[in-house]
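Since the structure comes first, as structure tokens, the remarks are kept for the end.
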Amino acid sequence: MSAVSDRLPAFPWDKLEPYKKTAAAHPGGIVDLSVGTPVDPVPELIQKALIDAADSPGYPTVWGTPALRDAITGWLERRLGARDLTHRHVLPVVGSKELVAWLPTQLGLGPGDTVAYPRLAYPTYEVGARLARAAYEVYDDPRDLDPANLKLLWLNSPSNPTGRVLAKEDLTSIVAWARAHGVLVVSDECYLELGWEADPVSVLHPDVNGGSYDGIVAVHSLSKRSNLAGYRAAFVAGDPAVLGPLLEIRKHGGMMTSAPTQAAVVAALGDDAHVHEQRERYAARRAALRTALLGHGFRIEHSEASLYLWATRDESCWDTVAHLAGLGILVAPGDFYGEAGEKFVRVALTATDERVRAAVERL
């Protein structure tokens, strides 16, 4: 077992525990703006769909029900502008983190292959490369990478942690560059419905991919847009030549979304009203926290989308974490996401309105 675990970095969130204790000792209680886990209720129509499907004694299928695949393709066309999708273009997964961590292994990557991801990025991109024993490389602009052994290029727009959004022109150019060099593009778009000062575009849009899904896969999650982090509900969409073999591998591995969850996802993707309602909650929290942080001497960079504010006081991120913990506010240190984040903190919008008000008052 140690041969596998030794490939992995130390789990970063354990380092935050002492600061969590400090914040929890505040007389007004902790305001946890660190992990970014949803706190608002699961919409009733989704809960009802889950309950109605609770009597599911048989095994679910890895590919999902036809109703689920219809819901996914319909949402992709309605919301993202994708065209000419069939069931062969989609595949449900058991939460997006599972997919990110195991995709390089399931693609058959290993020593001699390279996985690339943004310089500031979700740590699981690196974890996935390490599990596959592949090399990994960070980038500022992927078009500057050496494509020789590059097999998997991760994009993340809107970005976690920075909230940066890639312009349509950049996405189009990157997809063209990757295709020219035979590199698979996997675009993590889990925050796409949370654009504030920008309108994020998917790699599945024909303006980006030229009407072809060759060499591209998009990753989507219902955790944030529908408060379904506890359901482990996500899906990938794109090139059937990639998703077909992936489906077969995942069948052998038993990687199936539970039947009640599949029914819940159908309900969630078929309703836009609850997404708009949740967006309004996050927009109000974002405006309040942003104003308070700026007034407290922070500078905020990017953050034009996603569920986070990328903030700095131009000091060590751990000094900032300690300062805010003293106010009873817990945030994520920027170096969790790469060395380039050493002077930033990531402030999540995922706290109740009451807790956000408490943070604003303390700031």
Side-chain angles (χ1 to χ4, degrees), residues 42-53 56 60-96 99 157-158 168 171 175 185-195 199-214 216-229 231-244 246-247 250 255-279 305:
V42 173
E44 285 189 17
L45 85 159
I46 300 175
Q47 292 191 47
K48 184 178 186 302
L50 184 85
I51 292 166
D52 289 347
S56 297
T61 64
V62 173
W63 201 15
T65 62
L68 175 59
R69 285 175 259 143
D70 281 343
I72 293 172
T73 56
W75 180 83
L76 291 168
E77 292 179 350
R78 184 180 79 251
R79 178 61 185 87
L80 305 190
R83 295 290 178 267
D84 302 320
L85 290 170
T86 70
H87 288 191
R88 294 173 56 250
H89 291 90
V90 299
L91 176 63
V93 296
V94 192
S96 59
L99 185 279
S157 176
K168 183 190 291 185
L171 281 173
V175 167
V185 172
V186 182
S187 180
D188 181 348
E189 301 175 351
C190 289
Y191 297 91
L192 189 136
E193 294 208 276
L194 296 168
D199 189 14
V201 180
S202 172
V203 295
L204 301 178
H205 196 286
D207 288 354
V208 173
N209 60 42
S212 167
Y213 299 111
D214 291 349
I216 58 172
V217 173
V219 182
H220 285 271
S221 167
L222 286 86
S223 292
K224 306 304 194 297
R225 49 97 69 193
S226 297
N227 298 332
L228 295 188
Y231 285 44
R232 309 316 301 135
F235 57 88
V236 291
D239 191 345
V242 176
L243 299 190
L246 200 59
L247 171 60
R250 294 173 66 84
M255 293 179 168
M256 42 188 135
T257 306
S258 76
T261 297
Q262 292 187 32
V265 172
V266 172
L269 292 178
D271 178 72
D272 294 331
H274 77 276
V275 180
H276 295 311
E277 183 178 332
Q278 189 61 42
R279 271 183 56 87

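This is a predicted model, so every value here is computed, not measured.
Residues meeting the salt bridge (charged side-chain N to carboxylate O under 4.0 Å, His left out) test with Arg69, sequence neighbours left out: none. With sequence neighbours left out, Thr257 forms a side chain to side chain contact (heavy atoms under 4.5 Å, CB included) with Pro92, Val94, Thr261, Gln262. Applying the salt bridge (charged side-chain N to carboxylate O under 4.0 Å, His left out) criterion to Asp70, with sequence neighbours excluded, gives no partner residue. Trp75 is linked by a ring pair (Phe, Tyr, Trp, His ring centres under 6.0 Å) to His220, Phe235, counting only residues two or more places apart in sequence or in another chain. With sequence neighbours left out, the salt bridge (charged side-chain N to carboxylate O under 4.0 Å, His left out) criterion links Glu277 to Arg281. Scanning for salt bridge (charged side-chain N to carboxylate O under 4.0 Å, His left out) contacts around Arg83 gives an empty result, with sequence neighbours left out. In this structure Asp188 satisfies the side-chain hydrogen bond (donor to acceptor under 3.5 Å, both in side chains) test together with Tyr125, sequence neighbours excluded. When the ring pair (Phe, Tyr, Trp, His ring centres under 6.0 Å) test is applied to His274, no partner is found at least two apart in sequence or on another chain. Partners of Pro240 under the side chain to side chain contact (heavy atoms under 4.5 Å, CB included) rule, at least two apart in sequence or in another chain, are Arg88, His89. When the side chain to side chain contact (heavy atoms under 4.5 Å, CB included) test is applied to Ala53, the partners found at least two apart in sequence or on another chain are Ser56, Pro260, Ala263.
Contact of the Val93 side chain with the Val219 side chain is not registered, since no non-hydrogen atoms from C-beta on lie closer than 4.5 Å. Between Val203 and Asn209 there is no side-chain heavy-atom pair separated by less than 4.5 Å. No side-chain heavy atom of Leu91 sits less than 4.5 Å from a side-chain heavy atom of Met255. Under the 4.5 Å side-chain criterion, counting only non-hydrogen atoms from C-beta, Tyr231 is not in contact with Val265. With a 4.5 Å cut-off on side-chain heavy atoms, Ile216 and Asp239 do not count as touching. Side-chain contact between Leu243 and His87: absent, with no pair of heavy atoms (C-beta onward) separated by less than 4.5 Å. Side-chain contact check for Leu228 versus Val42: some heavy-atom pair is nearer than 4.5 Å. In this structure the side chain of Arg232 reaches within 4.5 angstrom of the side chain of Ser223, judged on heavy atoms.
Evaluation of the salt bridge (charged side-chain N to carboxylate O under 4.0 Å, His left out) test over residues 267-276, restricted to residues two or more places apart or in two chains, returns Arg78-Asp272. For residues 205-214, every residue pair satisfying the salt bridge (charged side-chain N to carboxylate O under 4.0 Å, His left out) rule, not counting sequence neighbours, is listed here: Lys168-Asp207.
Taking CZ of Arg279 as the start and CG of Leu194 as the end, the distance is 6.5 Å to the nearest 0.5 Å. Here the CG-OG distance, from Leu50 to Ser258, works out to 7.0 Å after rounding to the nearest 0.5 Å. Note that the CG atom of Leu192 and the OG atom of Ser202 stand 6.0 Å from one another [nearest 0.5 Å]. The structure places CD1 of Ile46 at 8.5 Å from CG of Leu269, a figure rounded to the nearest 0.5 Å.
Summarising the geometry of Tyr213 relative to Gly238, their closest heavy-atom pair is CB-C, 4.0 Å, with the distance given to 0.1 Å. The heavy-atom pair separating Met256 from Pro60 by the smallest distance is SD-O, 3.1 Å. Residue Cys190 comes nearest to Ser221 through the heavy atom pair SG-CB, 3.5 Å, listed as atom of the first residue, atom of the second, then distance. The minimum heavy-atom distance between Ala268 and Leu222, with the atom names listed, is CB-CD2, 3.5 Å.
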